[in-house]
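Just follow the structure's listing: the first ligand is 1, and inside any ligand the first atom is 1. Throughout, residue positions are numbered sequentially from 1 according to the sequence presented.
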Amino acid sequence: MTTASSNSSMSNGSGKVNTQVSLNSASSVEAAVTQDSNTEEMMQAVRSILQGVGEDPDREGLKKTPKRVAEAMQFLTQGYEQSLEELVNGAIFDEGHNEMVLVRDIDVFSLCEHHMLPFMGKAHVAYIPNQKVVGLSKLARIVEMYSRRLQVQERLTRQIAEAIQSILDPQGVAVVMEATHMCMVMRGVQKPSSWTVTSAMLGVFQEEQKTREEFLNLIRHQPSFH
Ligand SMILES: Nc1nc2c(ncn2[C@@H]2O[C@H](COP(=O)(O)OP(=O)(O)OP(=O)(O)O)[C@@H](O)[C@H]2O)c(=O)[nH]1
Ligand SMILES: [Zn+2]
């Protein structure tokens, strides 16, 4: 991963090994070494795939491909290394606000766990606070963290809803995701126009039809600035 490999060079300073490393930097050196060996293994695997498709991994254009693919895969799955707590970073505010908060049209890029092919689309995330609100960007960051993993759309949708539930204990959470799956577009059943809608409704969104409808109307309506 780009970040991890830059970490590894940072932790070694100018490349010399510092013999007076503290426990913390010793463990970060260890993490960097593990990361490097992971990258190495991934590069080997990409070489095998290239050979498997009948390519010559040593030809000019493909020489750096194993490294590029390994780094791209590490980027696309960086959500495994993030935690909800770090991501929210304490940005929870006691506003006494109890009306619906909705962030819609959050871009989603993920990989399906069955084929490791992209699926992409939009997520709409709403909650009804119980006094506490969270920084708006954190809702998009939560979407980002769970999408940067190998996923199925249903689980991704539910994990986003449950994460918001766990940090805010709100009156309810609603998440709708609309996505197109490259494994259904480029291969397999080959249906380029199909898209999949999943939803997760918790608390009042599940219990009260009126609240759920209000949310569904809000995500249908086209904003005037578009
Ligand atoms: N429920 C769900 N299914 C998914 C998702 N992403 C991919 N799939 C499906 O996972 C299934 C895997 O089915 P398999 O029969 O094991 O694999 P396959 O032979 O490659 O299937 P086809 O895609 O039908 O060619 C397919 O039906 C995919 O459409 C997702 O996010 N949610
Ligand atoms: Zn798939």
Quick check on atom 27 (O) of ligand 1 - does any protein heavy atom sit closer than 4.0 Å to it? no
Pull out every atom of ligand 1 sitting under 4.0 Å from any heavy atom of Cys183, numbered as shown with elements. 7 (C)
Of all the atoms in ligand 1, which lie at a distance below 4.0 Å from a heavy atom belonging to Gly188? 25 (O)
Do ligand 1 and Arg187 have nitrogen or oxygen atoms that lie under 3.5 Å from each other? yes
Less than 4.0 angstrom from a charged side-chain N to a carboxylate O is my criterion; do Glu208 and Arg212 meet it? no
Between the Zn ion (ligand 2) and Cys112, is there an N, O or S atom separated by less than 2.8 Å? yes
Proximity of Glu113 to ligand 1 by residue part, where a heavy atom lies under 4.0 Å: neither
Glu154 neighbourhood, listing ligand 1 atoms whose heavy-atom distance to it stays under 4.0 Å: 1 (N), 2 (C), 30 (C), 31 (O), 32 (N)
Below 2.8 Å, can you find an N, O or S atom of His115 next to the Zn ion (ligand 2)? yes
How does His115 reach ligand 1, by side chain, by backbone, by both or by neither, if only non-hydrogen atoms under 4.0 Å count? side chain
If we count only non-hydrogen protein atoms and require a distance under 4.0 Å, does atom 32 (N) of ligand 1 qualify as touching the protein? yes
Which residue and non-hydrogen atom of the protein lie closest to atom 8 (N) of ligand 1, and at what distance in Å? His114 ND1, 3.2 Å
Under 4.0 Å from a heavy atom of Cys112: give me the atoms of ligand 1 that qualify, with their elements. 6 (N)
Between Asp107 and Lys122, is the closest basic N to carboxylate O distance under 4.0 Å? yes
